[in-house]
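A short write-up of the structure that comes next.
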Amino acid sequence: MDSLFSHNVAINPGAIAIDDGAHQWSYSDLDREVQRISSLLKTLHLPPEEPICILQEAGIETIIAHLAVIRAGLTCVPLEPSIPNSRLM
């Protein structure tokens with residue numbers, strides 16, 4: 001998935017990658033934020049494919065989080081925020 005995304009960044013950096021009606025993110029803007037977060041994740045020195053939970057409503061932030069986790073070589077575990085805390089533990 002990261003290679004496909006990176007390919008689109010390389011060939012269409014100024015093209016709109018995400019438009020949620022309120023904000024637009026170009027591929028290069030999105031890539032910059034994904035790289036920033038994936039770099040932070042890499043500083044944690046987690047083992048490859050370590051599961052990383054993403055507890056977030058669907059939206060731009062969720063897409064960025066998923067891409068960053070994948071780029072860092074980790075595994076996304078999306079969780080629905082409406083799940084009761086007792087089930088998250």
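In terms of modelled atom types and a separation under 3.5 Å, the side chain of Ser26 and the main chain of Gly14 share no donor-acceptor contact. Remark: the backbone N or O of Glu57 is paired with a side-chain donor or acceptor of Thr62 at under 3.5 angstrom.
Note that CG of Leu41 is 10.0 Å distant from CZ of Arg36, once rounded to the nearest 0.5 Å. To the nearest 0.5 Å, atom CD1 of residue Ile63 and atom CD of residue Glu61 are 9.0 Å apart. With rounding to the nearest 0.5 Å, the separation of CG in Asn8 from OH in Tyr27 is 4.0 Å. Rounded to the nearest 0.5 Å, atoms OG (Ser82) and CG (Leu55) are 9.5 Å apart. With values rounded to the nearest 0.5 angstrom, Asp29 atom CG is found 12.0 Å from His23 atom NE2.
Scanning both residues, Pro81 and Gln56, for their nearest heavy atoms gives CG-C, 3.5 Å. Residues Phe5 and Asp31 come closest through the heavy atom pair CE2-OD1, 3.6 Å. Closest approach of Asp19 to Gln24, counting heavy atoms only: OD2-NE2, 3.0 Å. Between Pro47 and Leu74 the shortest heavy-atom distance is O-CD2, 3.5 Å.
When the side chains of ILVMFWY residues are joined at heavy-atom separations under 4.5 Å, either directly or via intervening members, Ile64 and Leu4 end up in two distinct hydrophobic clusters. The cluster map of Ile, Leu, Val, Met, Phe, Trp and Tyr, joined by side-chain heavy atoms under 4.5 Å apart, puts Met1 and Ile60 in the same cluster. Each of Ile52 and Leu40 belongs to its own hydrophobic cluster when Ile, Leu, Val, Met, Phe, Trp and Tyr are linked at side-chain heavy-atom distances under 4.5 angstrom. Under the 4.5 Å side-chain heavy-atom criterion for Ile, Leu, Val, Met, Phe, Trp and Tyr, Ile11 and Ile16 are members of distinct hydrophobic clusters. Note on Ile54 and Leu30: same hydrophobic cluster, where clusters join Ile, Leu, Val, Met, Phe, Trp and Tyr whose side-chain heavy atoms are under 4.5 Å apart, directly or indirectly.
Contacts of Asp2 classified as salt bridge (charged side-chain N to carboxylate O under 4.0 Å, His left out), with partners at least two apart in sequence or in another chain: Arg71.
A 4.5 Å side-chain heavy-atom check between Thr75 and Val69 finds every atom pair outside the cut-off.
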